[in-house]
There are 2 protein chains.
Amino acid sequence: MTNDFRKGADGARHRRATLKDVARRAEVSVPTVSRVIAGDYPVALGTRRRVEKALRELDYVANTHARALRGHGAKTVAFILRDVRGQAFAQFAHGIEEEASRWGRLCLLCVSGGDPVRELRALNLMRQQGAEAVIIIGSIVDDEAYRRQMTEIARSLDQAGSRLVLCGRPPLGEGVPVTIVEYENEAGAHAVTSRLLAAGHRRILLFGGDVAFTTSAQRFAGYRRALTDYGVPYEEDLVVKAAFDRGDAYLRMRERLAAARDFTAVFALTDVIAAGALRALTEAGLQVPGDVSLVGYDDVPPATDLRPLLTTVHVPYEEMGRTAVQLALDHRGSGRFARESHVLLGTHVVFRDSVAPPPAGTARAPR
Amino acid sequence: MTNDFRKGADGARHRRATLKDVARRAEVSVPTVSRVIAGDYPVALGTRRRVEKALRELDYVANTHARALRGHGAKTVAFILRDVRGQAFAQFAHGIEEEASRWGRLCLLCVSGGDPVRELRALNLMRQQGAEAVIIIGSIVDDEAYRRQMTEIARSLDQAGSRLVLCGRPPLGEGVPVTIVEYENEAGAHAVTSRLLAAGHRRILLFGGDVAFTTSAQRFAGYRRALTDYGVPYEEDLVVKAAFDRGDAYLRMRERLAAARDFTAVFALTDVIAAGALRALTEAGLQVPGDVSLVGYDDVPPATDLRPLLTTVHVPYEEMGRTAVQLALDHRGSGRFARESHVLLGTHVVFRDSVAPPPAGTARAPR
DNA sequence: CTGTTAGCGCGTTCAG
DNA sequence: CTGAACGCGCTAACAG
């Protein structure tokens, strides 16, 4: 017995207690300790007491890895997003975290920074980890290479008993074992744009984003469809790209304003972009919504901090996160979402104070 | 070989390929495959080719858990915070994520919702997981029970070869194996309050938070010290509690305004609280900073979305996250922070547009 | 260069 | 009720 103590002392200075240590101390066999812990098997009272005492004294904590190896393991929900600092992502992450912890799962988080390479690396790590579900959210460039890679990953994950969930990304095609959680993105864009048109606006700037990305593309499509509905011709000059942050949005809007003030309303692809745009608009001496109306998308905190309060499209990010986890875990269970693999959540316009009719005389602006 | 295929098909429908499977397919032994993967050991070219082929065909992914068991494993950095949706926390999380991924570590995230019980549960899970570092951020009630529990956990974690890092929380006392990352919290509060006093304000409302919590207590202390420096008596009536969210802050400020408008400046304990306060102030017809000046704390996005732009205290949240990871991982290494276990980061006031001298005649308000 | 043997910590047989 | 033996997937030691 003494040698064992030495063994503990000379090798690694730190070592966490194992079942063996506890067994030795309680003078029982390893399986007995295991049974005491599991509690699902009869153990003599005296023995149990001794074991429990040893457990406490040695501050025993089970080794998740060994457990996982044995099959009882460490269920985790992994997710990848572009940047935790974005409010939309944060809400999404919150939904995931909440739901995962309701299911007793741990959360594994990776940030991709929007880089496909980092995303792939993260995906691989998660596969190694044996995560029960791997959830990805965020816009991408939906090209051939992407679909091929993702399909492969979905298959591989599926084969390993895990589930890939794509949020806010289009499906990969029939037969690919993937779960999709979407929201009515195009419809939301159509709805806000219509709101602007209904107020009398005819020259609406589509501001921010990049049509190469799926999310932007869908919002763009909603914008065009609304235009068509109202018989307003689409004009390329009214589409201005900008990165997804305040700073770039501010600069781009300033440039556009310097070039020409030929619009009466702005549809910012994101609330954050709207924040940047608003700043540029205000600095240029324009009143919102007096001179120009402004709408955003996402309905996240910047929307209620801005003056005027921003009219925007509400996206149920938190619910998306919760749904993603439910779908993945319930996948072959019997719950509400069992066997379902495609969910579409609703969006709706939140009317606030940033929209008004165009100023007199500008409703029919020069072509 | 055919039996093996069957074997895969009849048992669990899904099973990830193991080294054994690969070895069988490549007609080599298991360790050989292992060596090909590790790449740190000579393997005949032909053999290597065959193994690599099998690896690819079977879509092999190493099992992290088995690896961890063997000692090579799955280094993870775990962290616990109150709520990902808070911008300060999000920035912190970003710093952690970034640094962890630089070190090739995976991130384990738990949200406590501010509940000590959930925090403890999360801590335990992370201990089981064998996380290399466990980082906690956020205010707590620093009582006897808390210190005892935390000390115990720190010891236990240390014994298991892991490291506990406390961010924005006070040390636990001498000899406790814990790493502390703090910022100049009291000093920041002292600095903004001084700024207000220097502008001529004498009746400054301390708004939001709860002195029971460490973070609030320190900011409160800075406020009082500044008052003392300027010889301005402290008045209990000028301290108003509010929860850490816009909504509650708004309501509390409205109540306070209805009761008495006996202050010329507000020190909001948080930028988010400032956002709520600003709304109430504005709605009450008060000009900021014309009628009342307003400052916040944290320097997170709400600060630059509000009008006027908020004067606030910059807290290096992202850097704290990075530092926490570095300290934990470098702990017994040779890097910049080796053997260091207490770091204090600086804060500074960011001057923007929400402070002005008090309106004439109010500088010396009625007692 | 390669295969055999052993063991990480745990849970599950199967005998007593 | 309890212990001995086995194996999860992997790597490190030791043979050849």
Side-chain angles (χ1 to χ4, degrees), chain A residues 4 7-8 11-12 14-52 54-55 58-75 127-130 160-161, chain B residues 4 7-8 11-12 14-52 54-55 58-75 127-130 160-161:
Chain A
D4 290 320
K7 190 180 167 189
H14 301 297
R15 222 193 84 242
R16 55 202 279 199
T18 72
L19 275 191
K20 201 149 92 183
D21 301 327
V22 177
R24 199 145 36 202
R25 187 169 187 115
E27 295 176 308
V28 291
S29 72
V30 172
T32 300
V33 181
S34 178
R35 291 195 270 256
V36 169
I37 294 172
D40 56 356
Y41 211 84
V43 173
L45 192 67
T47 317
R48 148 164 296 139
R49 286 236 200 294
R50 283 211 314 285
V51 171
E52 280 168 346
L55 243 20
L58 261 45
D59 186 33
Y60 173 80
V61 249
N63 182 324
T64 303
H65 301 299
R67 220 169 223 184
L69 208 51
R70 209 60 194 80
H72 297 254
K75 303 298 192 186
R127 218 154 48 130
Q128 291 183 21
Q129 261 282 336
Chain B
D4 290 320
K7 190 180 167 190
H14 302 296
R15 222 194 85 242
R16 53 202 281 200
T18 71
L19 275 192
K20 202 149 90 184
D21 302 326
V22 178
R24 199 145 36 202
R25 186 167 189 116
E27 295 176 309
V28 292
S29 73
V30 172
T32 300
V33 181
S34 178
R35 292 194 270 255
V36 169
I37 295 172
D40 58 354
Y41 212 84
V43 173
L45 192 67
T47 317
R48 146 165 297 139
R49 285 237 201 292
R50 283 211 314 285
V51 171
E52 280 167 346
L55 244 19
L58 261 43
D59 186 33
Y60 173 81
V61 246
N63 183 323
T64 304
H65 300 299
R67 229 174 217 179
L69 207 52
R70 216 52 198 93
H72 295 256
K75 303 299 193 184
R127 217 157 47 131
Q128 291 184 23
Q129 262 282 337

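Chain naming here is simple, since letters A, B, ... match the order of the sequence lines and numbering starts at 1 in each.
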Engineer: At less than 4.0 Å, is any side-chain N or O atom of B:Thr47 found next to OP1 or OP2 of C:dT2? Yes or no.
Structural biologist: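 For B:Thr47, the contact criterion (side-chain N or O under 4.0 Å from OP1 or OP2 of C:dT2) is met.
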Engineer: Looking only at side-chain atoms of B:Val30, point me to the closest of C:dG9, D:dT11, C:dT12.
Structural biologist: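 The answer is D:dT11.
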Engineer: Closest approach to the side chain of B:Pro31, judged atom by atom: which nucleotide of C:dT5, C:dC8, D:dC8 is it?
Structural biologist: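 Taking heavy atoms from C-beta onward, the closest nucleotide is C:dT5.
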Engineer: Considering only D:dC1, D:dA13, C:dG9, which nucleotide approaches the side chain of A:Pro42 most closely?
Structural biologist: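 In terms of side-chain proximity for A:Pro42, the closest of D:dC1, D:dA13, C:dG9 is D:dC1.
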Engineer: What nucleotide among C:dC10, C:dT2, D:dC10 has an atom nearest to a side-chain atom of B:Leu19?
Structural biologist: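 In terms of side-chain proximity for B:Leu19, the closest of C:dC10, C:dT2, D:dC10 is D:dC10.
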Engineer: Looking at the side chain of B:Arg35, which of D:dG9, D:dA5, C:dT2 is the nearest nucleotide?
Structural biologist: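 Of all the options, the side chain of B:Arg35 is nearest to C:dT2.
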Engineer: Once rounded to the nearest 0.5 Å, what's the spacing between atom CG of A:Leu19 and atom CZ of A:Arg24?
Structural biologist: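 Between atom CG of A:Leu19 and atom CZ of A:Arg24 there are 11.5 Å.
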Engineer: Go through D:dT11, D:dG3, C:dG9 for me and flag the one nearest to the A:Ser29 side chain.
Structural biologist: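 Among the listed nucleotides, the one closest to the side chain of A:Ser29 is D:dG3.
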Engineer: Write down the distance between CD (B:Gln128) and C1' (C:dG9), rounded to a whole number of angstrom.
Structural biologist: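 Answer to the nearest Å: 13 Å.
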Engineer: Ignoring the backbone of A:Ser34, work out which of D:dC8, D:dT11, C:dT12 is nearest its side chain.
Structural biologist: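 The answer is C:dT12.
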Engineer: Are the side chains of A:Thr18 and A:Asn63 in touch, meaning some heavy atoms are under 4.5 Å apart?
Structural biologist: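 The answer is no; the side chains never approach within 4.5 Å.
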Engineer: From the set C:dG3, D:dG9, C:dG11, return the single nucleotide nearest to any side-chain atom of B:Val28.
Structural biologist: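 Between C:dG3, D:dG9, C:dG11, the one nearest the side chain of B:Val28 would be C:dG3.
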Engineer: Counting side-chain heavy atoms from CB outward, which of C:dC10, D:dT2, D:dG9 is closest to A:Thr32?
Structural biologist: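 Looking only at side-chain atoms, A:Thr32 lies closest to D:dT2.
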Engineer: Given C:dG11, D:dT11, D:dT2, which nucleotide is nearest the side-chain atoms of A:Ala44?
Structural biologist: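 In terms of side-chain proximity for A:Ala44, the closest of C:dG11, D:dT11, D:dT2 is D:dT2.
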